[in-house]
Visitor: 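Here it is, the structure in full.
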Amino acid sequence: MKKIVWIFAVILVVSCNTEVKEHVKIRGKLKTPGVEKIAIQGRGFSKDIKVNSDGTFSDTLTVKTGIHAIVNGNDRITLFLRNGYDLTLDFKGERFSDGIHFSGIGAETNNFMDSKRSFYMSEYANPKTYFKLDKEAYEAKLAEAKEMVQGYIDKAKNIDSLVSDMDKRNNEMFFKYIESNYEKAHNDLLRLAKGNKSPVFVGYENIDGNKTSLEDLKGKYVYIDVWATWCAPCKAEIPYLKEMEKQFHGKNIEFVSISVDKKDDYEVWKKMVAEKELSGIQLFADNSWESDFIKDYGINAIPRFILIDPKGNIVDSDALRPSNPELKKMLEELGI
């Protein structure tokens, strides 16, 4: 009987220890004032965490191992969580996106991710940084970027294999994209450089049932938004675009939105234009992604914004988004 009780006690202790390891402990102190709660989100997982009046927070979570995000409204940053981690978060600024220094169990993996984030937020992560360069300068820049990435890897210690494998794949995909697209993209940038004649669109259907061509807009600046109804980043720009249209209403600029939705989604497009009260000139491309205008501009990702001058020449073939405050400043500097 005593033996049975002893075995039961051992099982109970082991079970309790196992239970502790089935959680992530997370704590920190925000530098952002007035926040009442933050959230941890992952695949099929979301939990709100109360933030105290002094900015401190602490909680335990049971998670599926993988990439998560710590979120405050539109401000978010990724982290890697595995049950058994015990993390203290030291925020580098008021915004999560300013970065976080981690300490505790699981810190090495998350600090590695934070350091790599600085690379992907730098000019080295922008393909145009490479595409705009001549061959010699491009090769030097690419070698510099690869050396920088290798430096992060060489400094990394005790990184979770899931993160290191993911990072390796991301690096391979990124550099493969740069190398396989350089020649065409470089030539496209030369062809679509500022001052060159813009490719044109002809007879695109307007939301009012009429036809509109780029030639019809000559004499005004034309700010073009290439988008689709299914594109979440495109829809996120809509409020900013509508505000920009209000601010420049009656001035020497036309705001044109070209949908690359498939023909099957024509009615979806019309419905969204009406429901969201989209203003400006709303056009439906004649052949979705295969439209000549889309291919001539080398557009393979949306949203994409283009600015054309009153003579039909390119001002910027990859213009700033409406959400960027610098766009308004640039338009005003053009005298619009």
Visitor: Are any non-hydrogen side-chain atoms of Ile153 and Asn171 less than 4.5 angstrom apart?
Guide: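 They are in contact (side-chain heavy atoms under 4.5 Å apart), so the answer is yes.
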
Visitor: Under a single-linkage definition using a 4.5 Å side-chain heavy-atom cutoff for Ile, Leu, Val, Met, Phe, Trp and Tyr, are Leu327 and Ile302 assigned to the same hydrophobic cluster?
Guide: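 Unlinked, Leu327 and Ile302 end up in two clusters.
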
Visitor: If you draw a 6.0 Å radius around CE in Met121, do more than 12 non-hydrogen atoms from other residues or ligands fall strictly inside?
Guide: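 It does not: Met121 CE has 12 such atoms or fewer within range.
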
Visitor: Which pairs pass ring pair (Phe, Tyr, Trp, His ring centres under 6.0 Å) with one or both residues in residues 283-324, sequence neighbours excluded?
Guide: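 For residues 283-324, and leaving out neighbouring residues, the ring pair (Phe, Tyr, Trp, His ring centres under 6.0 Å) pairs sorted by first residue read Phe201-Phe293, Tyr223-Phe305, Tyr266-Phe284, Trp269-Phe284, Phe293-Tyr297.
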
Visitor: Would you say that more than 12 heavy atoms from the other residues, nucleotides or ligands in this model lie under 6.0 Å from the CD of Glu136, or not?
Guide: no

Visitor: Out of curiosity, does Val315 fall in the hydrophobic cluster containing Ile299 (side-chain heavy atoms, cut-off under 4.5 Å, transitive links)?
Guide: no

Visitor: Step by step, work out the salt bridge (charged side-chain N to carboxylate O under 4.0 Å, His left out) result for Arg169 and Asp165.
Guide: CA-CA 6 Å; Arg169 290 194 300 271; Asp165 290 347; 5.3 Å; no

Visitor: How far does CD1 of Ile100 sit from CG of Leu89, to the nearest 0.5 angstrom?
Guide: 4.5 Å

Visitor: Could you pull out all donor-acceptor pairs under 3.5 Å where a side-chain atom in residues 270-281 meets a protein atom, sequence neighbours excluded?
Guide:
from	atom 1	to	atom 2	distance (Å)
Ser279	OG	Glu245	OE1	2.1

Visitor: For Asp160, does its backbone N or O pair with a side-chain atom of Thr109 as donor and acceptor, under 3.5 Å?
Guide: yes

Visitor: Any side-chain heavy atom of Phe248 within less than 4.5 Å of one from Glu332?
Guide: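 The answer is yes; the side chains approach within 4.5 Å.
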
Visitor: Would you say that more than 12 heavy atoms from the other residues, nucleotides or ligands in this model lie under 6.0 Å from the CZ of Phe174, or not?
Guide: yes

Visitor: Does atom NZ of Lys50 have more than 12 heavy-atom neighbours, drawn from other residues, nucleotides or ligands, at distances under 6.0 Å?
Guide: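 No - once you tally the heavy atoms of other residues, nucleotides and ligands closer than 6.0 Å, there are 12 at most.
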
Visitor: Would the distance check show the side chain of Ser259 and the main-chain N or O of Asp261 forming a donor-acceptor pair, the cut-off being under 3.5 Å?
Guide: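 Here the side-chain-to-backbone pair exists.
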
Visitor: Determine whether Arg27 and Asp86 make a side-chain contact, defined as any pair of heavy atoms from C-beta on separated by less than 4.5 Å.
Guide: yes

Visitor: Do Leu133 and Glu139 have side chains that get closer than 4.5 Å, going by heavy atoms?
Guide: no

Visitor: Same hydrophobic cluster for Phe255 and Tyr240, using side-chain heavy-atom links shorter than 4.5 Å among ILVMFWY?
Guide: no

Visitor: Is the backbone N or O of Asn313 less than 3.5 Å from a side-chain atom of Asp309, with the two atoms forming a donor-acceptor pair by type?
Guide: yes

Visitor: Report yes or no: do Asn52 and Thr56 form a side-chain donor-acceptor pair below 3.5 Å?
Guide: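 There is such a pair between these side chains.
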
Visitor: Tell me, do Val256 and Leu217 make a side-chain contact under 4.5 Å, heavy atoms counted?
Guide: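 They are in side-chain contact.
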
Visitor: Classify the side-chain pair Ser118/Tyr152 by whether it contains a donor and acceptor separated by less than 3.5 Å.
Guide: yes

Visitor: A side-chain contact here means heavy atoms from C-beta on lying under 4.5 Å apart; do Lys128 and Asp318 qualify?
Guide: yes

Visitor: Can you measure from CG (Asp264) to OG (Ser288) and round to the nearest 0.5 angstrom?
Guide: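 Atom-to-atom, Asp264:CG and Ser288:OG are 10.0 Å apart.
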
Visitor: Under 3.5 Å, side chain of Asn126 to main-chain N/O of Ser122, donor-acceptor pair present?
Guide: no

Visitor: For the NZ atom on Lys29, are there more than 12 heavy atoms of other groups (residues, nucleotides or ligands in this structure) within a distance under 6.0 Å?
Guide: no

Visitor: Quick one: does Asn196's side chain have a donor or acceptor within less than 3.5 Å of a partner on Arg191's backbone?
Guide: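 Yes; at least one donor-acceptor contact below 3.5 Å.
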
Visitor: Spell out, as yes or no, whether a donor-acceptor pair under 3.5 Å connects the side chain of Asp265 to the backbone of Val268.
Guide: no

Visitor: Report the C-alpha separation of Leu192 and Leu189 in whole Å, then their side-chain angles, then the decisive distance to 0.1 Å, and conclude whether the side-chain contact (heavy atoms from CB on, under 4.5 Å) test is met.
Guide: CA-CA 5 Å; Leu192 300 171; Leu189 282 176; 5.9 Å; no

Visitor: Under 6.0 Å from the NZ atom of Lys235, do we count more than 12 heavy atoms belonging to anything else shown?
Guide: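 Check passes, neighbour count above 12.
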
Visitor: Specify the closest pair of heavy atoms between Phe96 and Leu30, including all atoms of both residues, with the distance to one decimal.
Guide: CE2-CD2, 3.6 Å

Visitor: Arg43 side chain to His68 main-chain N or O, any donor-acceptor pair under 3.5 Å?
Guide: no

Visitor: If we ignore hydrogens and angles and just use 3.5 Å, is the side chain of Asn206 paired with the main-chain N or O of Leu283 as donor and acceptor?
Guide: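 Pair absent, no side-chain N/O of Asn206 close to backbone of Leu283.
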
Visitor: Do we see a donor-acceptor contact under 3.5 Å between the side chains of Thr129 and Glu123?
Guide: no

Visitor: Pair Ile224, Ile308 - check side-chain contact (heavy atoms from CB on, under 4.5 Å), show working.
Guide: CA-CA 8 Å; Ile224 298 174; Ile308 301 170; 3.8 Å; yes

Visitor: May I have the step-by-step check of salt bridge (charged side-chain N to carboxylate O under 4.0 Å, His left out) for Lys37 and Asp48, ending in yes or no?
Guide: CA-CA 6 Å; Lys37 68 178 180 178; Asp48 290 340; 3.4 Å; yes

Visitor: Might you work through the side-chain contact (heavy atoms from CB on, under 4.5 Å) test for Thr65 and Asn83, ending with a clear yes or no?
Guide: CA-CA 7 Å; Thr65 300; Asn83 290 324; 5.7 Å; no

Visitor: Give a yes-or-no answer on whether the side chains of Gln150 and Asp154 include a donor-acceptor pair shorter than 3.5 Å.
Guide: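 There is such a pair (donor and acceptor under 3.5 Å, judged by atom type) between the side chains of Gln150 and Asp154.
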
Visitor: Walk me through whether Glu94 and Thr32 qualify under side chain to side chain donor-acceptor pair (under 3.5 Å).
Guide: CA-CA 5 Å; Glu94 288 195 358; Thr32 313; 5.5 Å; no

Visitor: Hey, could you give me the CG/OG distance between Asn111 and Ser103, rounded to the nearest 0.5 Å?
Guide: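 Reported to 0.5 Å precision, the distance equals 8.0 Å.
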
Visitor: I would like to know whether Val260 and Ile294 meet side-chain contact (heavy atoms from CB on, under 4.5 Å); could you show each step before the answer?
Guide: CA-CA 8 Å; Val260 291; Ile294 304 304; 3.7 Å; yes

Visitor: Is there a side-chain contact between Gln41 and Arg76 (heavy atoms, below 4.5 Å)?
Guide: yes

Visitor: Donor-acceptor check, side chain of Lys31 to backbone of Asp90, threshold 3.5 angstrom: yes or no?
Guide: no

Visitor: Please indicate whether Lys176 has more than 12 foreign heavy atoms, meaning atoms of other residues, nucleotides or ligands, lying under 6.0 Å from its NZ.
Guide: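 Open.
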
Visitor: Could you state the interatomic distance from CG (Leu320) to CE (Met244), rounded to the nearest 0.5 Å?
Guide: 9.5 Å

Visitor: What do the steps show when you test Arg117 against Asp114 for salt bridge (charged side-chain N to carboxylate O under 4.0 Å, His left out), and what is the final call?
Guide: CA-CA 5 Å; Arg117 187 181 299 111; Asp114 192 73; 2.5 Å; yes

Visitor: I'd like to know whether NZ of Lys92 has more than 12 heavy-atom contacts from other residues, nucleotides or ligands below 6.0 angstrom.
Guide: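 Buried by this count: over 12 neighbours within 6.0 Å.
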
Visitor: Got a donor-acceptor contact below 3.5 angstrom from the Asp216 side chain to the Ser213 backbone?
Guide: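 Such a contact is found between Asp216 side chain and Ser213 backbone.
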
Visitor: Can you check whether Lys116 reaches Asp167 side chain to side chain, under 4.5 Å on heavy atoms?
Guide: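 Touching, per the 4.5 Å side-chain cut-off.
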
Visitor: Which residue in the set Tyr138, Tyr130, Tyr177, Phe175 passes ring pair (Phe, Tyr, Trp, His ring centres under 6.0 Å) when paired with Tyr182?
Guide: Tyr138

Visitor: When you measure from the centre of the six-membered ring of Tyr124, is the NZ or CZ of Lys141 closer than 6.0 Å and no more than 45° off the axis?
Guide: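 Yes, Lys141 and Tyr124 form such a contact.
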
Visitor: Check step by step if salt bridge (charged side-chain N to carboxylate O under 4.0 Å, His left out) holds for Glu108 and Lys157.
Guide: CA-CA 7 Å; Glu108 297 92 341; Lys157 305 295 181 184; over 6 Å; no

Visitor: Looking only at non-hydrogen atoms, find the nearest pair between Asp98 and Gly93 and report the distance.
Guide: OD2-CA, 3.4 Å

Visitor: Rounded to the nearest 0.5 Å, how far apart are CD1 of Ile105 and CG of Leu87?
Guide: 8.5 Å

